[in-house]
Amino acid sequence: PVVATLRAYVEGDETSLPVIELNSDDRIVVEFDCLTSYILDLEYSVTHCDRNGQPSDLQPSEYLSGFAVNAVTDYSPSSGTTTDYVNYRICLPNSDVQMLLSGRYNVAVFMAGHPDSVVAQASILVYEQLAGIEAEVAKPAGSVSERHAQDVRLSVDYGGLMVNDVFNELNV
């Protein structure tokens, strides 16, 4: 199927980035159109990823509550348009799957029973407010290219987090 207009955002704000706080009431919407005149039998999976978008070493039971693969059940066919399409919509978390950990997640949509044939995918972010961060942007001192460079000074209060090596354990 041909997929068009893939979007991911916080429910209620279609212009937002797909970022929510862990255990909040917010939900992320992943929606897309398939340019077909018939409804496809689609499923989706949610995978925890590292900061580079690669699947983490965690097992699904460590980062998800519910089912690892679920059916896409929210869809609506077009009506009165010059091109036929079906709009599909997934809201996360939902009654079938909830994220247990903060981090980056990949939502992959595929034909039912064929998880290796991904038709659409989106990256979403779930965060926890575990540290405080302050940032200050300033002109670089003594730089030849003042117009093209900035100094960003960060101050991180990692509170009760166990951090042994700040330079290797924390990432900006």
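In this text the structure is predicted, and so the values were computed from the model without any measurement. Side chains are part of it too, since the values below use all heavy atoms of this structure and drop only hydrogens, waters and symmetry mates.
At least one side-chain heavy atom of I39 sits under 4.5 Å from a side-chain heavy atom of Y88. The side-chain heavy atoms of L42 and M111, taken from C-beta on, include a pair separated by under 4.5 Å. Contact check for I124 versus V107: side-chain heavy atoms found under the 4.5 Å cut-off. At least one side-chain heavy atom of L6 sits under 4.5 Å from a side-chain heavy atom of V30. Two residues are said to be in side-chain contact when any heavy atoms from C-beta on lie closer than 4.5 Å; L35 and Y85 meet this criterion. Side chains of V29 and R89 form a contact here, defined as non-hydrogen atoms less than 4.5 Å apart. Side-chain contact between I90 and V72 is present, with heavy atoms from C-beta onward closer than 4.5 Å. Using a 4.5 Å cut-off on side-chain heavy atoms (C-beta onward), Y63 and M99 make no contact.
Following chains of ILVMFWY side-chain contacts shorter than 4.5 Å, one can reach L130 starting from Y158, so the two form part of one hydrophobic cluster.
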Evaluation steps, side chain to side chain contact (heavy atoms under 4.5 Å, CB included), between L101 and L58: CA-CA 11 Å; L101 298 177; L58 300 174; 3.5 Å; yes
Chi angles and distances behind the side chain to side chain contact (heavy atoms under 4.5 Å, CB included) call for Y44, N70: CA-CA 5 Å; Y44 69 93; N70 297 284; 3.5 Å; yes
Intermediate values then yes/no, side chain to side chain donor-acceptor pair (under 3.5 Å), S155 and D157: CA-CA 7 Å; S155 174; D157 175 10; over 6 Å; no
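What you find for D84 and S78 is that their closest heavy atoms are CA-OG, 3.6 Å. Closest approach of V137 to V152, counting heavy atoms only: CG2-CG2, 4.3 Å. Residue P93 comes nearest to Q98 through the heavy atom pair CB-CA, 3.8 Å, listed as atom of the first residue, atom of the second, then distance.
Taken to the nearest 0.5 Å, the CD atom of E31 stands 3.5 Å off from the OH atom of Y9. One finds the OH atom of Y105 at 8.0 Å from the OG atom of S56 (value rounded to the nearest 0.5 Å).
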